[in-house]
Asks: 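Sharing a structure with you now.
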2 protein chains.
Amino acid sequence: MSERSLAIGALAKATDTNVETIRYYERIGLLPEPKRTSANYRAYGQDELVRLSFIRRARELGFTIEQIRALLDLANSRDNDCCTVDALAQAHLAEIESKLSDLRALRRELRDLIGQCQRGKIADCQILAALSPR
Amino acid sequence: MSERSLAIGALAKATDTNVETIRYYERIGLLPEPKRTSANYRAYGQDELVRLSFIRRARELGFTIEQIRALLDLANSRDNDCCTVDALAQAHLAEIESKLSDLRALRRELRDLIGQCQRGKIADCQILAALSPR
DNA sequence: GATTGACCCCGTAGCAGCTACAGGGTGCAG
DNA sequence: CTGCACCCTGTAGCTGCTACGGGGTCAATC
């Protein structure tokens, strides 16, 4: 691979991404098809490194692929104002808040369940009883 | 359908489950294959109603299918002590705790991001900048 | 008795976001 | 020149459903 380009494995290492995942992103059009070497190996440049890093970071923050697609589109229309970006982030934050409260409710129910364990026999298990219909 | 048995649609209604989901549970062996009427319709009894209610309740509490399979197996060995049930529930609780703290971290990062929006042009968008590699 | 509509059957494919093969080709070090 | 690490494509798998397409059945109404 030439001085200024990365093979898929190197790109993978640099972005802490699975090789298969990179090919997957290409297949779904999230990453552009890169140049190829004479041996048909993918040859990535700095642009792709930057783009993939962005994608991975956004994934870490829990943005979906479609949200990321939108963010990347927005990032390219540099004259627009950034309210749309803010709105996307806000919407995502709202989703997270709602997941958080679901999980908190769930935790409470589970804690209640577990609190009832008296280390007896299955036949008397309060956890199973609590799960069973009344 | 006879007096004491339910068609799949009735079972679905009674347990607030999608008909397709019931057939899916049967396919993966979570529900047993029920008797059939002469017209080859599934005919469910009380046992299946109870079992499916249990499954749905456990799903609501976020147990995976495999965890539920284990719980159902345990429930059938009524002489064992119920520490295993407790352990399963504890493990599930631990997973929830860890998801909760991931989500809280994520929320903080997103809030920080959003706090930086100055309603300017995309070219100066701090949110996009924060997502981009350094 | 024919028609309508709501129900049932089966099998398969789709969703997200990867991951993991199988069955090959390439590049380089010893 | 042999071995190994890497690369290629294409397809199937994962979880937990959901949604079809193309049929059969049942009960009521006309």
Side-chain angles (χ1 to χ4, degrees), chain A residues 1-3 5-31 33-44 48 51-52 54-72 92 95-96 99 102 106, chain B residues 1-3 5-31 33-44 48 51-52 54-72 92 95-96 99 102 106:
Chain A
M1 203 60 44
S2 91
E3 323 88 81
S5 72
L6 299 166
I8 196 169
L11 181 65
K13 215 163 268 175
T15 56
D16 197 23
T17 307
N18 204 314
V19 166
E20 324 271 29
T21 304
I22 297 177
R23 285 197 278 252
Y24 168 70
Y25 287 162
E26 179 181 326
R27 210 162 50 242
I28 64 171
L30 198 57
L31 281 176
E33 295 184 18
K35 282 177 238 145
R36 298 289 183 129
T37 68
S38 53
N40 201 31
Y41 284 19
R42 288 170 179 82
Y44 294 100
E48 282 106 329
R51 190 176 174 98
L52 182 53
F54 181 99
I55 292 168
R56 295 305 287 177
R57 176 89 182 101
R59 284 294 297 134
E60 270 173 33
L61 287 173
F63 286 95
T64 66
I65 300 278
E66 288 317 305
Q67 287 172 324
I68 294 171
R69 230 187 266 278
L71 285 172
L72 285 165
H92 184 40
E95 278 167 35
I96 289 171
K99 269 187 207 163
D102 286 358
L106 234 155
Chain B
M1 202 61 42
S2 90
E3 322 88 81
S5 72
L6 298 166
I8 196 169
L11 181 65
K13 213 163 271 173
T15 56
D16 198 24
T17 307
N18 204 315
V19 166
E20 324 271 27
T21 304
I22 296 176
R23 284 197 278 251
Y24 168 71
Y25 287 161
E26 179 181 327
R27 210 163 48 243
I28 63 171
L30 198 58
L31 281 177
E33 295 184 19
K35 281 177 237 144
R36 300 287 184 130
T37 68
S38 53
N40 201 31
Y41 284 17
R42 289 170 179 82
Y44 295 100
E48 282 106 330
R51 191 177 173 97
L52 181 53
F54 181 98
I55 292 169
R56 296 305 287 176
R57 175 89 182 103
R59 285 292 300 135
E60 271 173 32
L61 287 174
F63 286 95
T64 66
I65 300 278
E66 288 316 307
Q67 286 173 323
I68 294 171
R69 232 187 264 279
L71 285 172
L72 285 166
H92 184 41
E95 278 167 36
I96 288 170
K99 268 188 206 160
D102 286 358
L106 232 155

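Since we're looking at a predicted model, the values are computed, not measured. Quick note on labels: first sequence line is chain A, next is B, and so on, each numbered from 1.
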Asks: Which atom names give the shortest non-hydrogen contact between A/Gln67 and A/Gly62, and what distance separates them?
Replies: OE1-O, 4.2 Å
Asks: What is the separation between atom CD on B/Glu60 and atom P on D/dG16, rounded to the nearest whole Å?
Replies: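 The distance from CD of B/Glu60 to P of D/dG16 comes to 15 Å, rounded to the nearest Å.
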Asks: Report yes if the side chains of A/Arg56 and A/Tyr25 come closer than 4.5 Å at any heavy-atom pair, otherwise no.
Replies: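 Result yes, sub-4.5 Å side-chain heavy-atom pair found.
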Asks: Could you give the CG-to-P distance, from A/Leu31 to C/dC18, as a whole number of Å?
Replies: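 Roughly 11 Å, once rounded to whole Å.
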Asks: Rounded to whole angstroms, how far apart are CD1 on B/Ile22 and P on D/dG16?
Replies: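 Rounding to the nearest Å, CD1 of B/Ile22 and P of D/dG16 are 17 Å apart.
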Asks: Find the distance B/Leu61:CG to D/dG16:P and express it as a whole number of Å.
Replies: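 The answer, rounded to whole Å, is 14 Å.
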Asks: Going by heavy atoms in the side chains, are A/Lys99 and B/Lys99 under 4.5 Å from each other?
Replies: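 No - every pair of side-chain heavy atoms lies 4.5 Å or more apart.
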Asks: Within the 4.5 Å heavy-atom criterion, are A/Tyr44 and A/Ile22 side-chain neighbours or not?
Replies: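 Touching, per the 4.5 Å side-chain cut-off.
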Asks: So B/Phe63, base contact, sugar-phosphate only, or nothing? Heavy-atom distance under 4.0 Å.
Replies: nothing
Asks: Output the rounded distance in Å from CG (B/Leu11) to P (C/dC8).
Replies: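 These atoms are roughly 10 Å apart.
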Asks: Whole Å only: how far is the CD1 atom of B/Ile65 from the P atom of D/dT18?
Replies: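 Going from CD1 in B/Ile65 over to P in D/dT18 covers 11 Å.
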Asks: Starting at atom CG of B/Leu52, determine the distance to atom P of D/dC17, rounded to an integer number of angstrom.
Replies: 11 Å
Asks: Describe, as an angle rounded to 10 degrees, how the axis at the first end of the helix from C/dG1-D/dC30 to C/dG30-D/dC1 is tilted relative to the axis at the last end, five pairs per end.
Replies: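 One end axis against the other gives 30°.
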Asks: Distance check needed: D/dG16 P versus B/Glu66 CD, whole Å only.
Replies: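 These atoms are roughly 8 Å apart.
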Asks: Compare every heavy atom of B/Leu11 with every heavy atom of B/Thr15, then report the nearest pair and how far apart it is.
Replies: OG1-O, 2.8 Å
Asks: Look at B/Glu48 together with B/Arg51 and state whether they make a salt bridge at an N to O cut-off of under 4.0 Å.
Replies: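 No, no charged N to carboxylate O under 4.0 Å.
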Asks: In terms of the nearest nucleotide of DNA chain D, which residue is placed more toward the 5' end: B/Ser38 or B/Arg56?
Replies: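 Per heavy-atom nearest nucleotide, the more 5' residue is B/Arg56.
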Asks: Under the rule for ring pair (Phe, Tyr, Trp, His ring centres under 6.0 Å), what residues qualify as partners of A/Phe63, not counting sequence neighbours?
Replies: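 If we apply the ring pair (Phe, Tyr, Trp, His ring centres under 6.0 Å) test to A/Phe63, skipping adjacent residues, the hits are A/His92.
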Asks: May I ask you to verify if any side-chain N or O of A/Thr21 is less than 4.0 angstrom from the OP1 or OP2 atom of C/dT19?
Replies: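 So the side-chain polar atoms of A/Thr21 do come within 4.0 Å of the phosphate oxygens OP1 or OP2 of C/dT19, strictly under.
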Asks: I'd like to check A/Arg59 versus A/Ile65 (side-chain heavy atoms, cut-off strictly below 4.5 Å). Are they in contact?
Replies: yes
Asks: Can you build the contact string for nucleotides 8-14 of chain D? Use B for base contact, S for sugar-phosphate-only contact, and - for no protein heavy atom under 4.0 Å.
Replies: SB-----
Asks: Does D/dT15 have its OP1 or OP2 closer than 4.0 Å to a side-chain nitrogen or oxygen of B/Tyr24?
Replies: no
Asks: Does the pair B/Arg69/B/Glu66 count as a salt bridge with the N-to-O cut at 4.0 Å?
Replies: yes
